[in-house]
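Report on one structure; see the data block that follows.
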Amino acid sequence: MSRRTKIYEGKAKILYEGPEPGTLIQYFKDDATAFNAEKKGTINGKGVINNRISEHVFTRLAHIGIPTHFIRRLNMREQLIRQVDIIPLEVVLRNVAAGSISKRLGIEEGEPLPHTLIEYYYKDDALGDPLVAEEHIACFNWASNEEMHDISSMAIRINDFLCGMFAAIDIRLVDFKLEFGRLYDGDYSRVILADEISPDGCRLWDMATGEKLDKDRFRRDLGGEEEAYREVARRLGLLNGEDNSPGEVFDLSHARSRLRGPPPLKK
């Protein structure tokens, strides 16, 4: 196998040079981090599940006209994506009070917000990804007014669609994070959805019980992270068979041994 060129490694993914100009390969890791990487761990199989969930969500968003960087899934842990210039903002949409907004504003966790709230955070790990206003974004030219209009319009449309998609499988979309990038065509660029959408970046609560089905189980030492991620995939119809395993997701060493056939009998 030829050695691939690593472009970037983040907390949950690695980006490699793609097979064609303007493409990258996005690899999903099992690494889990919280509190700006102060807490680190591993959720077994997380990368495989997140790859499938993100593929599913991005594909469905493309069907309603949201432009994304996703091209196709390559294997258990990798996607082929378009190379974009990431806008240095995390766009957080909140439908229910939870996490940092509850702490900042003293709102009881679980209280529905009067309307969907969009917050912007400057992407800088050293600064702890601080909350910023649109005035900061304009002042420091992180994104143009036209780009911010496109971002906010797409973000609201994505939220509306995903709230309905998750509600159909009895999951409440409490809040989630989006990232956007600039896709260039010569001197012209347009804003498209990038990164991933998975339980790593969403708060997902069971509608009946309030059970957390996302990375808060890791953040808060609740346990059951693997089961929670798999439950989201199961409800989305991404798990096959009686063993509850994702379609086309299997243990490689076990699969190779099956392909080789049974071991020879000892004489």
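What's counted below: heavy atoms across the whole structure, side chains too, no hydrogens, waters or symmetry copies.
Contact of the Ile14 side chain with the Lys6 side chain is registered, since non-hydrogen atoms from C-beta on lie closer than 4.5 Å. The shortest distance between side-chain heavy atoms of Asp206 and Ile171 does not fall below 4.5 Å. Between Leu117 and Leu93, the closest side-chain pair of non-hydrogen atoms is not below 4.5 Å. Counting heavy atoms from C-beta outward, Leu89 and Ile137 have side chains that approach closer than 4.5 Å. Side-chain atoms of Val91 and Glu179, non-hydrogen and from C-beta on, never get closer than 4.5 Å to each other.
When ring centroids are compared, His136 and Tyr120 stay outside the 6.0 Å threshold.
No donor-acceptor contact under 3.5 angstrom links the side chains of Thr33 and Arg219, judged on distance only. Side-chain atoms of Glu119 and Tyr121 include a donor-acceptor pair closer than 3.5 Å.
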Verdict with supporting geometry, Asp216 and Arg203, salt bridge (charged side-chain N to carboxylate O under 4.0 Å, His left out): CA-CA 7 Å; Asp216 266 353; Arg203 280 192 173 90; 2.8 Å; yes
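Legend: side-chain hydrogen bond (donor to acceptor under 3.5 Å, both in side chains) pairs involving residues 10-21, not counting sequence neighbours, sorted by first then second residue: Lys11-Asp125, Lys13-Asp195, Lys13-Glu196.
In this view, His149 and Ser153 satisfy the side-chain contact (heavy atoms from CB on, under 4.5 Å) rule, not counting sequence neighbours. Under the rule for a side-chain hydrogen bond (donor to acceptor under 3.5 Å, both in side chains), Thr5 has no partner lying at least two apart in sequence or in another chain.
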